[in-house]
**Student:** 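A single structure is presented below for examination.
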Amino acid sequence: MSHKNKHKYYGNKMNQGNTNPQEVEEPKQEAPVEEVTPEEVTPEEVSPEEEKTEADVKDACQDAEKKIEELQQQVEKEKKEYLFLMAEFDNFRKRTLKEKSEIIKNAGENVLKGLLPIMDDFERGIKAAENSPEADSVKEGVKLIYNKLQKYLNQNGVKEMDPNDDTFDTEKHEAISVVPVPDESKKGKILDTVEKGYTINDKVLRHAKVVVGQ
């Protein structure tokens with residue numbers, strides 16, 4: 001084989017062995033990164049309309065706070081007035097109940113007081129009957145009625161004042177006559193009881209009419 005043919009033979013062999021050559025990708029060149037410089041930030045200018053709006057909002061907030069404070073003061077004031085009225089009403093209720101009780105009590109006292117002259121008449125009748133022996137049956141009947149009436153009065157709190165108390169007391173006695181006495185120990189003392197005194201529940205129902213020494 002000649003040198004020329006040999007070279008051709010080997011050249012064909014080499015070409016046959018590289019029938020599917022792999023393509024080699026060339027590295028892509030990245031685009032240069034542009035350097036970004038920060039722009040200067042300038043404060044935004046506020047327009048007069050925006051300034052007016054902010055001022056209105058501020059004024060509205062102040063007005064609202066002022067209104068809330070006024071309402072709180074009003075609530076406190078009304079609360080105090082309410083408590084005062086409640087106390088006044090409670091006092092009025094107690095006073096009304098007391099007055100009602102006093103009216104009922106006084107009405108009962110007046111009824112019982114109206115019976116006292118009847119007691120006086122019974123006592124006079126009993127004394128008069130004691131001097132008449134022929135009226136024993138009448139005397140017993142009068143005493144029976146007298147005792148029943150006296151018991152009824154006692155059950156309702158009416159009691160006779162102590163007849164043995166000879167010390168004059170303007171709270172319990174009414175002096176209808178004053179008699180001069182030579183004995184110093186009798187001055188200011190009760191000498192005689194013309195009309196008995198009565199109490200009801202430790203309160204004077206009728207003053208005793210007495211004669212006092214002077």
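In what follows, every heavy atom counts, from backbone to side chain, and hydrogens, waters and symmetry copies are set aside.
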**Student:** Take Lys79 and Glu76 through the test salt bridge (charged side-chain N to carboxylate O under 4.0 Å, His left out) and record every step on the way to the result.
**Tutor:** CA-CA 5 Å; Lys79 183 179 179 180; Glu76 288 296 327; 5.3 Å; no

**Student:** Would you compute the distance between atom NZ of Lys187 and atom CD of Gln214 and round it to the nearest 0.5 angstrom?
**Tutor:** 8.0 Å

**Student:** Grab the two heavy atoms, one from Gly197 and one from Ala208, that are nearest each other, plus how far apart they are.
**Tutor:** N-CB, 3.4 Å

**Student:** Grouping I, L, V, M, F, W and Y whenever their side-chain heavy atoms are under 4.5 Å apart, do Ile200 and Tyr198 come out in a common cluster?
**Tutor:** yes

**Student:** Which value, rounded to the nearest 0.5 Å, describes the distance between Asn147 atom CG and Lys143 atom NZ?
**Tutor:** 8.5 Å

**Student:** For the pair Lys94 and Asp90, evaluate salt bridge (charged side-chain N to carboxylate O under 4.0 Å, His left out) and give the outcome as yes or no after the intermediate values.
**Tutor:** CA-CA 6 Å; Lys94 292 179 180 178; Asp90 188 57; 3.3 Å; yes

**Student:** May I ask whether Ile118 and Val142 are part of the same hydrophobic cluster, defined by side-chain heavy atoms of I, L, V, M, F, W, Y residues being less than 4.5 angstrom apart, directly or through others?
**Tutor:** yes

**Student:** Rounded to the nearest 0.5 Å, how far apart are CG of Leu85 and NZ of Lys80?
**Tutor:** 14.5 Å

**Student:** I need the minimum non-hydrogen distance between Val212 and Ala175, along with the two atoms involved.
**Tutor:** CG2-CB, 3.8 Å

**Student:** Which salt bridge (Lys or Arg N to Asp or Glu O under 4.0 Å) pairs, counting each pair once, include a residue from residues 170-182, with sequence neighbours left out?
**Tutor:** Asp165-Lys172

**Student:** Start with the C-alpha gap between Gln74 and Glu70, add the side-chain angles, then the distance that decides, and say whether side chain to side chain donor-acceptor pair (under 3.5 Å) holds.
**Tutor:** CA-CA 6 Å; Gln74 185 177 356; Glu70 291 176 355; over 6 Å; no

**Student:** When you group the ILVMFWY residues by side-chain heavy-atom contacts below 4.5 Å and let the links chain together, are Val204 and Met119 in the same group?
**Tutor:** no

**Student:** Is Val158 close to Tyr152 at the side-chain level, that is, under 4.5 Å between some pair of heavy atoms?
**Tutor:** no

**Student:** Do you know which of Met161, Lys209, Glu123 makes side chain to side chain contact (heavy atoms under 4.5 Å, CB included) with Lys196?
**Tutor:** Glu123

**Student:** Considering only heavy atoms from C-beta outward, does the side chain of Met86 approach that of Leu83 to under 4.5 Å?
**Tutor:** no

**Student:** If we ignore hydrogens and angles and just use 3.5 Å, is the side chain of Asn91 paired with the main-chain N or O of Ala87 as donor and acceptor?
**Tutor:** yes

**Student:** With rounding to the nearest 0.5 Å, note down the distance linking CG in Leu205 to CG in Leu153.
**Tutor:** 9.0 Å

**Student:** Tell me whether Ile176 is reachable from Ile190 by hopping between hydrophobic residues (I, L, V, M, F, W, Y) whose side-chain heavy atoms are closer than 4.5 Å.
**Tutor:** no

**Student:** Can you give me the closest heavy-atom contact between Lys159 and Asn154, atom names plus distance?
**Tutor:** CA-OD1, 4.2 Å

**Student:** What's the separation between atom CD in Glu78 and atom CG in Leu71, rounded to the nearest 0.5 Å?
**Tutor:** 9.5 Å

**Student:** Decide yes or no for Val194 and Val211: does some side-chain heavy atom of the first lie under 4.5 Å from some side-chain heavy atom of the second?
**Tutor:** yes

**Student:** Nearest 0.5 Å, what's the CD1-CG distance between Ile68 and Asp63?
**Tutor:** 11.0 Å

**Student:** Can you tell me if Asp183 uses its side chain to pair, donor with acceptor, with the backbone of Ser185 under 3.5 Å?
**Tutor:** yes

